[in-house]
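One structure is given here, and the rest of the page talks about it.
Keep in mind that the numbers below use all heavy atoms, side chains included, and drop hydrogens, waters and symmetry copies. Order of the sequence lines fixes the chain letters, A, B, ..., with proteins taken first and strands second; residue numbering starts at 1 for each chain.
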There are 2 protein chains.
Amino acid sequence: MAKPERHATITDVAALAGVSVGTASKALNGRGSLREETRVRVREAARTLKFEVNAGARSLHSGRTYTVGMITTDSIGRFSIPVMLGAEDALGAGQMSVFLCDGRDDPIREQYYVKTLLSRRVDGIIVTGRRAQSRAPIGVGLPVPVVYAFISSTDPGDCSVVPDEAGGTRKAIDHLTAIGRTKIVHITGPEHHHSAQVRSASTQERLAELGLEPAAAPLFGAWSEAWGRQAVGILLTGGADFDAVFCGSDQIARGVVDALRAAGRRVPRDVAVVGFDNWDVMAEAAQPPLTSIDMNLEGLGRTAADMLLAAINGNPSSGRQLCPCHLVIRESTSVTP
Amino acid sequence: MAKPERHATITDVAALAGVSVGTASKALNGRGSLREETRVRVREAARTLKFEVNAGARSLHSGRTYTVGMITTDSIGRFSIPVMLGAEDALGAGQMSVFLCDGRDDPIREQYYVKTLLSRRVDGIIVTGRRAQSRAPIGVGLPVPVVYAFISSTDPGDCSVVPDEAGGTRKAIDHLTAIGRTKIVHITGPEHHHSAQVRSASTQERLAELGLEPAAAPLFGAWSEAWGRQAVGILLTGGADFDAVFCGSDQIARGVVDALRAAGRRVPRDVAVVGFDNWDVMAEAAQPPLTSIDMNLEGLGRTAADMLLAAINGNPSSGRQLCPCHLVIRESTSVTP
DNA sequence: AGCGTCCAGGAAAAGCTTTTCCTAAATTTC
DNA sequence: GAAATTTAGGAAAAGCTTTTCCTGGACGCT
């Protein structure tokens, strides 16, 4: 590891170029009125000394750090990651850097991070994560704007960006009916989970709108393959008559297709299956690959970041903003080879 | 969104407490010699004004920012995330914050991030990500220490922390032989991939040390379930005689167990299967659940962060540091119910 | 009473940049 | 050729905190 040397300062650059520090600053930032020859000389000196401006000292003046904080409420997981990526993408394009903070579902840790971020004078904060319910605000009267992404704040005055799960559910049901299925059952996660509630309620609602009866009462369980398999067992032994299953997650859906195949039911011929999340490794590796609802989390992250940038620039939004989900069709609902 | 007010400064606090700024600073940082009564008064004022010290201004003095940068070479993915988490964990405990930068496998973007991080005066940099090969250093003669985690630098003078894949492979083979298997085949990812090479070579080596012949030549393909299924097809149609499969990833292993079951071979009774990565959603959902090699990426991230902290504090290391892998036993190699 | 110590707290510099305001020289205008 | 502009660049302040050094008073000692 090379001996870390001291960082060059603008004073060093000015000295090497033979100008005052003010002039050096102007030359490097394209301000003031200077001869081109002087600008070149200063830039040259900066390059020679590997000068990188001290962002901390600079923001002392500008009042902006071009930095935002991202706090996850739960541990960083499968859902928060795409959101983070989208946000990082949108912010990076605006020359902003992201402080990553993993809240671990620990309110104390979370408050510590909020303090740290404020101390570092971030220009704004994005809160993300998965939770059974919406969450309490990370703070009130904070001096910087906050946007909640994927998760939502219980305070309706806060700005939250969340997927339109009800809309996604409608797309799934409409797709199943469009391919001629009428005896649809819904298998999903734990009953206390907000997503499970929304998806299940929207399913019943949409079926009713279409004049259909559910082929069975919705089955609540866990977000796992094992539950998907088990639920199929329950349906089959109960003698339910169904030609389609809409699942609350791709993991459940994968368990479902495996169990159906093991029971001799052909997918999609006898039973069509739709998942939720469009988690590539699950949806594509299933046999057959799964049609699924994609929440477009990366786009959601970008939207959240854009809204945060707007708020930083003085145009705050408030309330829950819904991001559309879209349907990704694969073999579990179509008979292409 | 509440009207963002200006941040309070230590001058405001000093004024409210009726002391000089120097005294306020001492009171808040436990320096100097002050009456307890004064300290209390200052702390009280700080609380009233919601004062949070301006970290940028402070580091102007200390020369330290208590901040490190984390750059991923590829897009943030399944492997870099646990490494990041481990690092964030170790650093957070040391009161450091982490700048997250997603390199997207784009060298230009990467260099831009390096410049940004240096400009923000990070105390050090962690480089992580997955690559077919080790990677070129992100820079030479950088003014801050750098540690490579999971990926390794081509410069042997750099500090790299990588999993001991050869050791993990030995543990897998030894486990299979310990349960009485002698006809072992190896199915893994693309031949050009470094991990595939190491795991395959170590497999052959360990078998030779144990006086065993491989039951078939290693099969190189892709890191996917589909390839696992396909590879089993190749083995079966080729009439290979084998009683165990060691797979280069859990995805491959899952494809393998599915294909074996479909072909009527019982796992683990007829064929035992070991995966690699110990990716919970794959290993636990497989039927039967997979025995697998865990690279302990979170521990690796912690180690990398600890080594970076040591380097920041003047105790740099160099060279490749191996982190042990461990074996996680599940039903795919054992006959427990 | 006079001297030396100790204590609490203040003043000011340092750390790095940017920006505002000036000055001196160069150029234009009449 | 003198006055009015323009131009290039310098000096200094501001932004926030920490640290060093200093002062004035209280206290203890002979």
Sole candidate of A/His194, A/Arg320, A/Gln133 that passes side-chain hydrogen bond (donor to acceptor under 3.5 Å, both in side chains) when paired with A/Ser152: A/Arg320
Can you measure [X] atom [atom1] to [N] atom [atom2] for me and round it to whole angstrom units?
{"X": "A/Asp12", "N": "C/dG15", "atom1": "CG", "atom2": "C1'", "value": "13 Å"}
{"X": "B/Leu34", "N": "C/dC7", "atom1": "CG", "atom2": "P", "value": "13 Å"}
{"X": "B/His7", "N": "D/dT17", "atom1": "NE2", "atom2": "P", "value": "11 Å"}
{"X": "B/Glu36", "N": "C/dG9", "atom1": "CD", "atom2": "C1'", "value": "15 Å"}
{"X": "A/Asn54", "N": "D/dT17", "atom1": "CG", "atom2": "P", "value": "16 Å"}

Just checking A/Ser59: base, sugar-phosphate only, or nothing, at a heavy-atom cut-off of under 4.0 Å? nothing
Applying a 4.0 Å non-hydrogen cut-off, can you work out what A/Thr9 is touching in the nucleic acid: base, sugar-phosphate, or nothing? sugar-phosphate
Given D/dG9, is OP1 or OP2 found less than 4.0 Å from the side-chain N or O atoms of A/Ser20? no
Looking only at C/dA8, C/dC16, D/dG9, the nucleotide nearest the A/Thr38 side chain is D/dG9
In terms of side-chain heavy atoms of B/Arg35, which of D/dA8, D/dG15, C/dG9 is nearest? C/dG9
Verdict with supporting geometry, B/Thr9 and B/Asn54, side-chain contact (heavy atoms from CB on, under 4.5 Å): CA-CA 8 Å; B/Thr9 73; B/Asn54 184 323; over 6 Å; no
List the atom pairs, donor and acceptor, that lie under 3.5 Å between side-chain atoms in residues 22-32 of chain A and the rest of the protein, sequence neighbours left out.
| unit_1 | atom_1 | unit_2 | atom_2 | d |
| --- | --- | --- | --- | --- |
| A/Thr23 | OG1 | A/Ser20 | OG | 3.0 |
| A/Ser25 | OG | A/Asn29 | ND2 | 3.4 |
| A/Asn29 | OD1 | A/Arg58 | NH2 | 3.2 |
| A/Asn29 | ND2 | A/Ser25 | O | 2.9 |

Heavy atoms within less than 4.0 Å of DNA chain C: which residues of residues 44-51 of chain B have one? Give them sorted by number. none
Nearest 0.5 Å please: distance from the [atom1] atom of [X] over to the [atom2] atom of [Y].
{"X": "A/Leu297", "Y": "A/Thr128", "atom1": "CG", "atom2": "OG1", "value": "8.5 Å"}
{"X": "B/Glu88", "Y": "A/Cys101", "atom1": "CD", "atom2": "SG", "value": "6.5 Å"}
{"X": "A/Thr116", "Y": "A/Arg109", "atom1": "OG1", "atom2": "CZ", "value": "10.5 Å"}
{"X": "B/Arg39", "Y": "B/Leu34", "atom1": "CZ", "atom2": "CG", "value": "4.5 Å"}

Will you find, in the side chains of A/Arg120 and A/Thr67, an N or O donor that is under 3.5 Å from an N or O acceptor? no
SB check B/Arg64 B/Asp123 (cutoff 4.0 Å): yes
Give every pair of a protein N or O atom and an N or O atom of nucleotides 18-21 of chain D that lie under 3.5 Å apart, one pair per line with the distance.
| unit_1 | atom_1 | unit_2 | atom_2 | d |
| --- | --- | --- | --- | --- |
| D/dT18 | OP1 | B/Asn29 | ND2 | 3.3 |
| D/dT18 | OP1 | B/Arg58 | NE | 2.9 |
| D/dT18 | OP1 | B/Arg58 | NH2 | 2.8 |
| D/dT18 | OP2 | B/Ser25 | OG | 2.8 |
| D/dT18 | OP2 | B/Asn29 | ND2 | 3.3 |
| D/dT18 | O2 | B/His61 | NE2 | 3.2 |
| D/dT19 | OP2 | B/Arg31 | NH1 | 2.9 |
| D/dT20 | O4 | B/Lys26 | NZ | 3.4 |

